Amino acid sequence: MHSRQAIREAVYQKLSAHPDLATLFYARTKSISEEDLPAGDVVTGSETVESASDQWQELRTVQLHVLLYAQNTASVADTLDTLAEVVEQLLSDDQTLGGLCTTFQYAGCDPDYESAATYDMAILTMNYTCRYVWQRAFDLGELSSISVGIDMASPRNDPQIPAHPDGQIDAEIEITLPQGE
């Protein structure tokens, strides 16, 4: 599963349990009907990338949006703010989304009351910034684990006799190489 998908899923799971967000969509692309209101939608937006190391690691920043939809009534702004408070409270308790990202923080909101004239609903887009480390996945197969045995000249003698390996394994280690994500 791609990291963006895991991030969307984690946010969706946190929000979907709340009764005020009973109608919550996961990256919905179809229009929302009046029967679904109030509603929410969890989507990811743009992503930027910067190199984090010479080991094929990247520090990525993805924008996550929680879109809140409410019926265009005299109190539409209050309805959207009530829903926004629920979202803010639910998403503020875990700044790493269970370790999926290094930081997850609220970055502001964009209300859209003008769409209410056309669609009879208003939209509040809550913006979050999520930074995570991405690493290329490697399939090393049988090479994913390496066994190393060290045969040293005996350190107990002065001068060391024999002065070359004596055939006795003095140290062993099993190394499992990281596979990435």
Side-chain angles (χ1 to χ4, degrees), residues 1-53 55-137 178-181:
M1 174 184 307
H2 194 281
S3 298
R4 285 188 307 271
Q5 182 181 355
I7 290 164
R8 275 193 313 271
E9 180 68 26
V11 170
Y12 179 84
Q13 290 301 321
K14 283 182 168 289
L15 298 179
S16 64
H18 197 280
D20 287 351
L21 296 168
T23 307
L24 183 66
F25 299 104
Y26 182 80
R28 184 180 175 101
T29 56
K30 297 188 297 184
S31 62
I32 294 175
S33 66
E34 284 185 40
E35 297 84 41
D36 293 329
L37 299 177
D41 193 9
V42 178
V43 297
T44 46
S46 64
E47 182 175 59
T48 59
V49 178
E50 58 188 90
S51 179
S53 75
Q55 301 298 313
W56 291 304
Q57 286 186 336
E58 296 173 344
L59 181 58
R60 295 185 176 190
T61 304
V62 65
Q63 303 304 311
L64 181 121
H65 308 289
V66 178
L67 289 84
L68 301 173
Y69 302 89
Q71 183 76 38
N72 185 22
T73 63
S75 61
V76 67
D78 294 340
T79 301
L80 289 173
D81 285 341
T82 299
L83 292 172
E85 177 66 18
V86 169
V87 171
E88 287 176 24
Q89 291 299 320
L90 291 172
L91 295 182
S92 67
D93 68 340
D94 182 1
Q95 298 297 304
T96 65
L97 290 179
L100 289 174
C101 44
T102 57
T103 61
F104 181 77
Q105 62 188 35
Y106 181 60
C109 65
D110 300 309
D112 177 9
Y113 300 111
E114 294 155 7
S115 64
T118 306
Y119 301 108
D120 203 28
M121 72 178 78
I123 305 167
L124 179 67
T125 303
M126 301 182 68
N127 304 304
Y128 287 83
T129 300
C130 180
R131 292 175 63 91
Y132 66 96
V133 176
W134 177 88
Q135 183 170 332
R136 180 180 170 192
Q179 299 294 307
E181 292 182 17

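If you're wondering where the values come from, they're calculated on a predicted model, not measured in any experiment. Reckoned from all heavy atoms, side chains included, excluding hydrogens, waters and symmetry mates.
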(request) May I ask you to test the V87-Y128 pair for a side-chain heavy-atom distance under 4.5 Å? (result) yes
(request) Report yes or no: does D41 contribute a side-chain atom to a donor-acceptor pair with the main-chain N or O of L67 at less than 3.5 Å? (result)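 A pair under 3.5 Å: no.
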Return the [atom1] to [atom2] distance between [X] and [Y], rounded to the nearest 0.5 Å.
X    : Y    : atom1 : atom2 : answer
L124 : T79  : CG    : OG1   : 11.5 Å
L64  : E47  : CG    : CD    : 11.5 Å
L59  : W134 : CG    : CH2   : 13.0 Å

Under 3.5 Å, which donor-acceptor pairs do the side chains of residues 97-111 form with other protein atoms, sequence neighbours left out?
| residue | atom | partner | partner atom | Å |
| --- | --- | --- | --- | --- |
| T102 | OG1 | R131 | O | 3.1 |
| D110 | OD2 | N127 | ND2 | 2.9 |

(request) Could you list the residues that satisfy side-chain hydrogen bond (donor to acceptor under 3.5 Å, both in side chains) with Q13, not counting sequence neighbours? (result)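 Testing Q13 for side-chain hydrogen bond (donor to acceptor under 3.5 Å, both in side chains), a comparison that skips the adjacent residues, returns E9.
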(request) Could you give me the CA-CA distance, side-chain angles and deciding distance for T23 and Y69, then say whether side chain to side chain contact (heavy atoms under 4.5 Å, CB included) is met? (result) CA-CA 10 Å; T23 307; Y69 302 89; over 6 Å; no
For the residue pair [X] and [Y], what are the closest heavy atoms and their distance?
X    : Y   : result
A122 : V76 : CB-CG2, 3.5 Å
Q71  : L37 : OE1-CD1, 3.5 Å
S16  : L24 : N-CD2, 3.5 Å
T44  : R4  : CG2-O, 4.1 Å

(message) Name the residue from L68, L15, V66 that meets the side chain to side chain contact (heavy atoms under 4.5 Å, CB included) definition with L83.
(response)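 Running side chain to side chain contact (heavy atoms under 4.5 Å, CB included) over L68, L15, V66 with L83 returns exactly one hit, L68.
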(message) Evaluate M121 against D36 for side chain to side chain contact (heavy atoms under 4.5 Å, CB included), listing each step before the verdict.
(response) CA-CA 11 Å; M121 72 178 78; D36 293 329; over 6 Å; no
(request) Test F25 against I32 for side chain to side chain contact (heavy atoms under 4.5 Å, CB included), laying out the working first. (result) CA-CA 10 Å; F25 299 104; I32 294 175; 4.0 Å; yes
(request) Tell me, with the steps shown, if L91 and M126 meet side chain to side chain contact (heavy atoms under 4.5 Å, CB included). (result) CA-CA 11 Å; L91 295 182; M126 301 182 68; over 6 Å; no
(request) Go through the side-chain N and O atoms of T96 and D94 and say whether any donor and acceptor fall under 3.5 Å apart. (result) yes
(request) Determine whether the side chains of T129 and Q63 contain a donor N or O and an acceptor N or O closer than 3.5 Å. (result)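 The criterion, which ignores hydrogens and geometry beyond distance, is satisfied for Q63 and T129.
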(request) Output every pair passing salt bridge (charged side-chain N to carboxylate O under 4.0 Å, His left out) with a member in residues 112-123, not counting sequence neighbours, ordered by first then second residue. (result) none
